[in-house]
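Excluded from the calculations below are hydrogen atoms, water molecules and symmetry mates; all remaining heavy atoms, backbone and side chain alike, are included.
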Amino acid sequence: MGLNSKIIFHLMGLLLLFNGFFMLLAAFVSGIYRDGATLDITLAAIVTMLVGVMAMFYTRGHEKVVKRKEGYIIVAFGWIVMSVSGVLPYIFSGAIPDITNAFFETMSGYTTTGASILDDIESLPEGILFWRSLTHWIGGMGIIVLAIAILPLLGIGGMQLFAAEAPGPNADKLHPRITDTAKRLWLIYFGYTVAETLLLKLAGMSFFDAINHSLATLSTGGFSTKNASLAFWNDQPLIQYIIIFFMFLAGSNFVLSYFAFKGKVQRILRDEEFKYYTSLILLFTLVTVLVIYFKANVPVSDYHPMVLGPGESSFRHALFQIIAIVTTTGFVTADFTSWTPFLTVFFFGLMFLGGSAGSTAGGIKVMRHILIIKNGLLEFKRTLHPNAIIPVRYNEKTVSEHIVYNIIGFFVLYMLSFIIGALVLGFLGLDFQSAIGGAASSLGNVGPAFGSLNPLSNFNGLPALGKWWCGFLMLLGRLELFTVLILLTPYFWKKT
């Protein structure tokens, strides 16, 4: 059986139409602000949509069945096609004329990483800034649908839990049809974005800044319209607390939000991953607050004076940075790498945690850590009672051995990818801190890193090959490793 290439190209065409539509939105914003980029972004939209229409036209009459092989190709190449077409507004407008830099910025957007090569963000036209934020929002929305609707069908990674009888949405179906499930989650995603925009506007942000930061928050992306990121508003705590709240929501399973709106609060409180996710954030924040307050003595950023005393400032900066790193949003209120050596190592470790499964966050995910640790602890019991059957339990249900092995395999591959990623960056000339920080940040879709890639700097200093490599790591981490790596295996392409 060969590949059904027609449906692959047909869906790529559909994605291009989708992308072109959002470019037109950016062109509309550009026109409102008369920033001089309207025609350039419109041209990019026309080119993108034209290619999409041609792809769909020449593949009409395709067989409407997506098999597993086609599924992997559609998911992986879908993100690449979106990123390749997404560079056009940058190139055509001259905002980022270099193809390497434009691709890096676009891939960072769609994968909701938030790492940037831009030295002066505030000098860009409003339409381009809006497009930059939209790439986040599209990528985040895509990840929700990918996680809920597509990955379970492909049997990918720990996301198989969604298709298992144990935890996850499939056990508590929102709606019998996957497409309807995706629509409901999109609606929640859109609703949260609107709500955050309104709250930020009321808190004192301009409407343009409010909508851009909402697009970046709900997608756990991290692109800001300011060079100083959220440190620009260090003298307005309410703005930062609003973003903290929505980062927390974006890093939790969106299915739980659905249950909350349906009044099923007990389901949220019983969810094991949510309990660990919340508890870990509170614990890590407490540790960080104490270290900042007693050791670092720098709870304030370099941009604005402290406003509500050292206690509140320490708490706010600690909570903000913990949630920003755990949810892989990557906004910054200060250079957390300069606080203390302990906190630098601490934040580096948090880059491997990730948010909840079924969220827009990147990283390994809390759920996988829980199951790996549980399985590891049960090995002591199994050693003492070799004949006993002692299964891993999650949300009071048994998890199959197949899923546990799959998650362990994912973890091993993730760590190998990180090591190889760091080695390549080291080979390209980066120092130790920058190499391991850049690899962990790119693979975990976090954004800011360490060394020369610290929160007050950016990725512009990377060599060209390093930018392409980090772009690959972003894609690898965003699509749960297996989706991309399986395409690199010879047996995937063999006819069966």
Side-chain angles (χ1 to χ4, degrees), residues 96 101 104-105 108-109 113-124 129 132 136 209 212-213 216-217 220-237 239-240 243-244 247 288 291-292 295-307 313-314 316-351 425 430-442 444-463 466-467 470:
I96 309 177
N101 285 340
F104 180 93
E105 198 76 11
S108 179
T113 303
S116 181
I117 50 81
L118 294 168
D119 292 316
D120 188 6
I121 296 162
E122 292 169 41
S123 66
L124 292 180
L129 286 176
R132 186 167 169 262
H136 267 347
D209 287 335
N212 277 276
H213 284 88
T217 304
T220 64
F223 279 156
S224 175
T225 53
K226 303 296 181 187
N227 294 328
S229 187
L230 265 293
F232 185 87
W233 290 277
N234 273 352
D235 59 346
Q236 294 173 269
I239 284 175
Q240 295 182 350
I243 287 177
I244 284 170
M247 282 196 293
T288 309
V291 176
I292 290 176
K295 293 285 187 184
N297 198 30
V298 283
V300 230
S301 86
D302 301 327
Y303 302 97
H304 287 284
M306 190 162 29
V307 288
S313 187
S314 298
R316 176 161 41 94
H317 282 285
L319 180 62
F320 191 100
Q321 289 308 154
I322 288 292
I323 291 186
I325 298 298
V326 168
T327 63
T328 72
T329 307
F331 282 138
V332 291
T333 58
D335 181 8
F336 55 81
T337 63
S338 68
W339 285 345
T340 67
F342 168 76
L343 285 181
T344 301
V345 177
F346 188 60
F347 278 105
F348 174 71
L350 291 184
M351 287 186 171
L425 290 177
L430 273 71
D431 61 84
F432 179 72
Q433 270 200 18
S434 305
I436 63 167
S441 174
S442 298
N445 307 125
V446 178
F450 303 93
S452 61
L453 310 174
N454 69 70
L456 299 186
S457 185
N458 59 33
F459 283 62
N460 197 26
L462 279 178
K467 289 170 184 170
C470 282

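Scored by the side-chain contact (heavy atoms from CB on, under 4.5 Å) test, Ala440 finds Phe348, Met351, Phe352, Phe418 as partners (sequence neighbours excluded). Remark: Ser229 pairs with Ser224, Phe331, Val332 by the side-chain contact (heavy atoms from CB on, under 4.5 Å) rule, at least two apart or across chains. With sequence neighbours left out, the side-chain contact (heavy atoms from CB on, under 4.5 Å) criterion links Ala115 to Phe104, Ser108, Thr113, Phe459, Met474. Partners of Phe320 by ring pair (Phe, Tyr, Trp, His ring centres under 6.0 Å), not counting sequence neighbours: none found. For Gln240, the side-chain hydrogen bond (donor to acceptor under 3.5 Å, both in side chains) partners are Asn234, Arg316, not counting sequence neighbours. For Gln321, the side-chain hydrogen bond (donor to acceptor under 3.5 Å, both in side chains) test picks out Thr333, with sequence neighbours left out. In this structure, the side-chain contact (heavy atoms from CB on, under 4.5 Å) partners of Thr327, at least two apart in sequence or on a different chain, are Thr220, Met247, Tyr277, Ile323, Thr329. Under the ring pair (Phe, Tyr, Trp, His ring centres under 6.0 Å) criterion, Phe432 pairs with no residue, sequence neighbours left out.
Residue Gly438 comes nearest to Ala449 through the heavy atom pair N-CB, 3.9 Å, listed as atom of the first residue, atom of the second, then distance. Nearest heavy-atom pair, Asp335 versus Pro455, reported as atom, atom and distance to 0.1 Å: OD1-CD, 3.3 Å. Annotation for Phe450 and Gly437: closest pair CD1-CA, 3.8 Å, computed over non-hydrogen atoms.
Put simply, CG on Leu453 and OG on Ser442 are 8.0 Å apart, with the number rounded to the nearest 0.5 Å. Interatomic distance, CD1 of Ile244 versus OG1 of Thr217, reported as 11.0 Å (0.5 Å rounding). Thr288 contributes atom OG1, which lies 7.0 Å from atom CG of Leu350 (distance to the nearest 0.5 angstrom). One finds the SG atom of Cys470 at 13.0 Å from the CD1 atom of Ile117 (value rounded to the nearest 0.5 Å). For the atom pair Leu129 CG and Asn212 CG, the distance stands at 6.5 Å (nearest 0.5 Å). With rounding to the nearest 0.5 angstrom, the CG atom of Leu118 is 8.0 Å from the CG atom of Asn101.
The stretch residues 447-457 participates, sequence neighbours left out, in these side-chain hydrogen bond (donor to acceptor under 3.5 Å, both in side chains) pairs: Ser434-Ser452. Counting only residues at least two apart or on different chains, the salt bridge (Lys or Arg N to Asp or Glu O under 4.0 Å) pairs with a member in residues 221-230 are Asp209-Lys226.
With hydrogens and angles disregarded, a donor-acceptor distance shorter than 3.5 Å links the side chain of His136 to the backbone of Phe223. Here the side chain of Thr337 pairs no donor or acceptor atom with the backbone of Thr344 at under 3.5 angstrom. One N or O on the side chain of Asn227 and one on the backbone of Ile121 form a donor-acceptor pair closer than 3.5 Å.
Below 30°, between 30° and 60°, or above 60°: for Phe346 and Phe342 the angle between ring planes is below 30°, a parallel geometry.
In this structure, Leu124 and Thr225 have side chains that are not in contact, with every pair of non-hydrogen atoms separated by 4.5 Å or more. Counting heavy atoms from C-beta outward, Pro463 and Leu430 have side chains that approach closer than 4.5 Å. Put simply, the side chain of Trp339 reaches to within 4.5 Å of the side chain of Ile292, judged on heavy atoms.
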